2 protein chains.
Amino acid sequence: MRYLLKIQEKIAPELISIVENRYTILRNIYYYQPIGRRALAEKTNISERLVRKELDFLCGRGLIKVYRSGTVLTDLGSKFLPELDKYMKELKGIRTLEEQLKGCLGIEEVHIVSGGLEPSIINQEIGRYTARLLHRLLKDGDILAVTGGTTLAQVASAMHENDSPMDIIVVPGRGGLGEEVEIQANTIAATIAKKLGGRYHLLHIPDSIQEENVDIIMAEPSIQRVLKFLKKANILIHGVGSAEIMAARRDMSPEEIQELKNRGAVAEALGYYFNESGEIVYVTTSVGLHLEDLKNIEKVIVVAGEPDKARAILSVVSPLYHNILVTDESTAREILNLKGVRQ
Amino acid sequence: MRYLLKIQEKIAPELISIVENRYTILRNIYYYQPIGRRALAEKTNISERLVRKELDFLCGRGLIKVYRSGTVLTDLGSKFLPELDKYMKELKGIRTLEEQLKGCLGIEEVHIVSGGLEPSIINQEIGRYTARLLHRLLKDGDILAVTGGTTLAQVASAMHENDSPMDIIVVPGRGGLGEEVEIQANTIAATIAKKLGGRYHLLHIPDSIQEENVDIIMAEPSIQRVLKFLKKANILIHGVGSAEIMAARRDMSPEEIQELKNRGAVAEALGYYFNESGEIVYVTTSVGLHLEDLKNIEKVIVVAGEPDKARAILSVVSPLYHNILVTDESTAREILNLKGVRQ
DNA sequence: AAGGGTGGGACATAATTGTTCTAACGGGAT
DNA sequence: ATCCCGTTAGAACAATTATGTCCCACCCTT
């Protein structure tokens, strides 16, 4: 399979740029439809005339439809796009990247989404991909734990409504980390549960509670009930943040932030802060899953894009805790760079 | 595998003609090297300028070398060509053709050589391919039976000398069918045996012997010895001829030829003449393998190109007797046409 | 009603392609 | 050895095609 494409690359190397152009255009249409030639040209860095040519081509293939108001994906086109994803992965050697990253991180599965789009869109792509992955992975009886963050929010919004309700329980992995509602774990858990037709339980915990009050909160029956589900969760999906952004997003005091910096924190996940070597340097006093719990969870999926997170991902992800990583092409390459692996 | 190329064909259909051009050019260089631009252009029906462009490209890839005296395949090029063969088979859907033909004929294996060359070259291609197949198939201890014919002669000449001699015996499948020396079974058997570094035994039998003398000849010890090997042959490779051409090639009397026509003979193989329905309508009184013997031979390979032989192949090849068919693309398509299979 | 987007058209320019010419090389015959 | 013929690559140039750029009439939204 890979073999044939290798041969092809030798005999027709120009193919890659041709297909890449069309792929990029299709994906941009997907995200911005209806969209015009000029806007597409700008987004894709392909000249307007070329975009037009490709548009004509794609139109002829019935993948898109050009209206007065702009270009739109046809049904055929949106069905075709996931297939193209697969194809492009092979063509651009992303499958190889996945293997390298797998070996490098020692993890079970690595999924990489094709790059070549704007960062904001890449996050959506990761969401779209992870959503598909989740749909495949989840089965009746599962208890899914999720965390917050922009990436997870994308996953939630990219999931589609199930035809028939599933017997699934979704719970937030940690409570009260003081973020905006849309990207809170609670919101995301609810969204996903609703789309799947499953149930959900939320953790309502004050943003920053005193250390001495934790036990009191924990004793609350409503909290206890959710924590019981959490302990039984067999799938966890969580994001990774860069330490400073997370610290800012959660209303940390300046002293705390300084303390984090002093300790060399670069990454955050599940309320834990890690330094470059992957050591835990700080833990927020929050309620829910603890790092050690991850070892008992069947499938732990970590999802994170954006190349500036490469270092963070590297320090967080560990075969001890994680099974699956979902990221994007440029982040993957950056991680391998940091590790000194040549591609 | 096939799947990816299907996707590719949808997103980049122009690729096929690009690759096809380069493939055709490469193959023509292989057969005619050193050859010039103009001659190539004529043979391939590609405009001279295009040939030049592709030549520049192939040169840049190090697959060919352009000399004052013409273009020549480099070592890399000749190593690359068989890989390209494989790739082209997938790309042009020849693998699918093979499957269809396999199903249609009920045979174990079908090998189809990519078309798009002049008929004379196609025969060489089939020879080249079959030679590779034989090299792969043969193992020490084998006894190989071969017949005559232009196609088999190509096979023989396309085989390469073995580094180390093989423990193999090659014998002609039938004796004395009165053809030119170069395409006689005896000659071919000797050639193949020499190339493999094996032994061979020949059948020297008068061209057209009287029915009543067959037994006398058969009793000859020298003949008996060869026949004994023949009965133990575990691989047979034979060609297929159209009835009229074969009748002419072997000096048949006008009455016999008329008789053949009356009986509706369309195909010949191993001295047997078949009508359209695959029934045997005539047998030359010759010495050697009989049709029934084929059932006991491990691998029977039938090799035949040229589209006008399609009907002949169809009536000769049977799962009862044959395991492997080697032919070319246009013949394959013609056979499927005759069978009413749409491709 | 106006403004920012749209597709289609126009057109100059660049690139590709078809065609022809030429000088030089190679190989066979002398 | 040498001449000669055929074939070669390379160059040149015209014809065609692809491409970059800009404009315009239109439509939708605001």
Side-chain angles (χ1 to χ4, degrees), chain A residues 11-74 76-78 118 120-121, chain B residues 11-74 76-78 118 120-121:
Chain A
I11 196 69
E14 65 268 53
L15 166 92
I16 291 186
S17 65
I18 297 178
V19 180
E20 217 164 23
N21 272 3
R22 291 178 188 165
Y23 183 51
T24 312
I25 290 175
L26 270 182
R27 286 207 291 178
N28 273 287
I29 295 174
Y30 174 87
Y31 282 110
Y32 296 110
Q33 58 185 321
I35 185 179
R37 235 177 26 204
R38 240 175 313 273
L40 268 175
E42 205 164 323
K43 293 216 177 291
T44 56
N45 287 321
I46 304 171
S47 86
E48 193 188 319
R49 200 61 173 72
L50 268 191
V51 168
R52 190 175 175 178
K53 200 184 72 172
E54 299 301 8
L55 247 36
D56 286 346
F57 167 82
L58 293 168
C59 201
R61 303 251 91 187
L63 297 174
I64 60 170
K65 199 118 193 179
V66 177
Y67 291 104
R68 213 58 230 200
S69 54
T71 303
V72 162
L73 234 54
T74 62
L76 188 65
S78 32
E118 305 158 21
S120 68
I121 293 298
Chain B
I11 196 69
E14 66 267 53
L15 166 93
I16 291 186
S17 65
I18 297 178
V19 180
E20 217 165 23
N21 272 3
R22 290 177 188 165
Y23 182 52
T24 311
I25 290 175
L26 270 182
R27 286 205 294 176
N28 273 287
I29 295 173
Y30 174 87
Y31 281 111
Y32 295 110
Q33 60 185 316
I35 185 178
R37 237 177 24 205
R38 236 176 316 275
L40 268 176
E42 205 164 322
K43 294 218 177 290
T44 56
N45 286 322
I46 303 170
S47 86
E48 196 186 317
R49 198 61 175 72
L50 267 191
V51 168
R52 185 176 176 180
K53 200 184 74 173
E54 299 301 9
L55 247 37
D56 286 347
F57 167 82
L58 293 168
C59 201
R61 304 250 91 188
L63 297 174
I64 61 171
K65 198 119 194 179
V66 177
Y67 292 106
R68 203 67 223 196
S69 53
T71 303
V72 162
L73 233 56
T74 62
L76 189 66
S78 33
E118 304 159 22
S120 68
I121 294 298

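Note that the structure is predicted; figures quoted are calculated from it, not measured. Each chain gets a letter, A, B and so on, in the order the sequences are listed, and its residues count up from 1.
- Here D:dA18 is the nucleotide among D:dA18, C:dG18, D:dA11 with the atom lying nearest to any side-chain atom of A:K53.
- Using a 4.5 Å cut-off on side-chain heavy atoms (C-beta onward), A:S120 and A:Y31 make no contact.
- The nearest whole Å value for the distance from the CG atom in A:N21 to the P atom in D:dT19 is 10 Å.
- Of the candidate nucleotides C:dA24, C:dT6, D:dA12, C:dT6 has the atom nearest to the side chain of A:R68.
- Between B:K43 atom NZ and D:dT8 atom P there is a gap of 10 Å when expressed in whole angstrom units.
- Distances from the side chain of A:R52 to the nucleotides D:dT8, C:dG8, C:dG26 place C:dG8 closest.
- When distances run from any side-chain atom of B:S47 to the nucleotides D:dG10, C:dG18, C:dG26, the shortest one goes to C:dG18.
- For the pair A:R38 CZ and C:dG8 P, the computed distance is 12 Å after rounding to whole Å.
- Atom P of nucleotide C:dG7 and atom CG of A:L55 are separated by 7 Å, given to the nearest angstrom.
- In this structure, B:N45 and B:T24 have side chains that are not in contact, with every pair of non-hydrogen atoms separated by 4.5 Å or more.
- Residues B:E14 and A:I18 have side chains in contact (heavy-atom distance under 4.5 Å, counting atoms from C-beta outward).
- If you take CD of B:Q33 and P of D:dT7, they are 18 Å apart, rounded to a whole angstrom.
- A straight line from CD1 of A:I64 to P of C:dG7 spans 9 Å, rounded to a whole angstrom.
- Between B:I35 atom CD1 and C:dG27 atom P the separation is 16 Å, expressed in whole Å.
- Between D:dA9 and B:T71, a contact under 4.0 Å exists linking OP1 or OP2 to a side-chain N or O.
- Considering only the side chain of B:R49, C:dG18 comes nearest among C:dG18, D:dG20, C:dT6.
- Between the side chain of A:R37 and the base of C:dG5, no donor-acceptor pair under 3.5 Å is found.
- At least one side-chain heavy atom of B:I121 sits less than 4.5 Å from a side-chain heavy atom of B:Y32.
- Per the geometry, CD belonging to B:E42 stands 14 Å off P belonging to C:dT20, to the nearest Å.
- With contacts defined as side-chain heavy-atom distances shorter than 4.5 Å, the pair A:L26/B:I11 qualifies.
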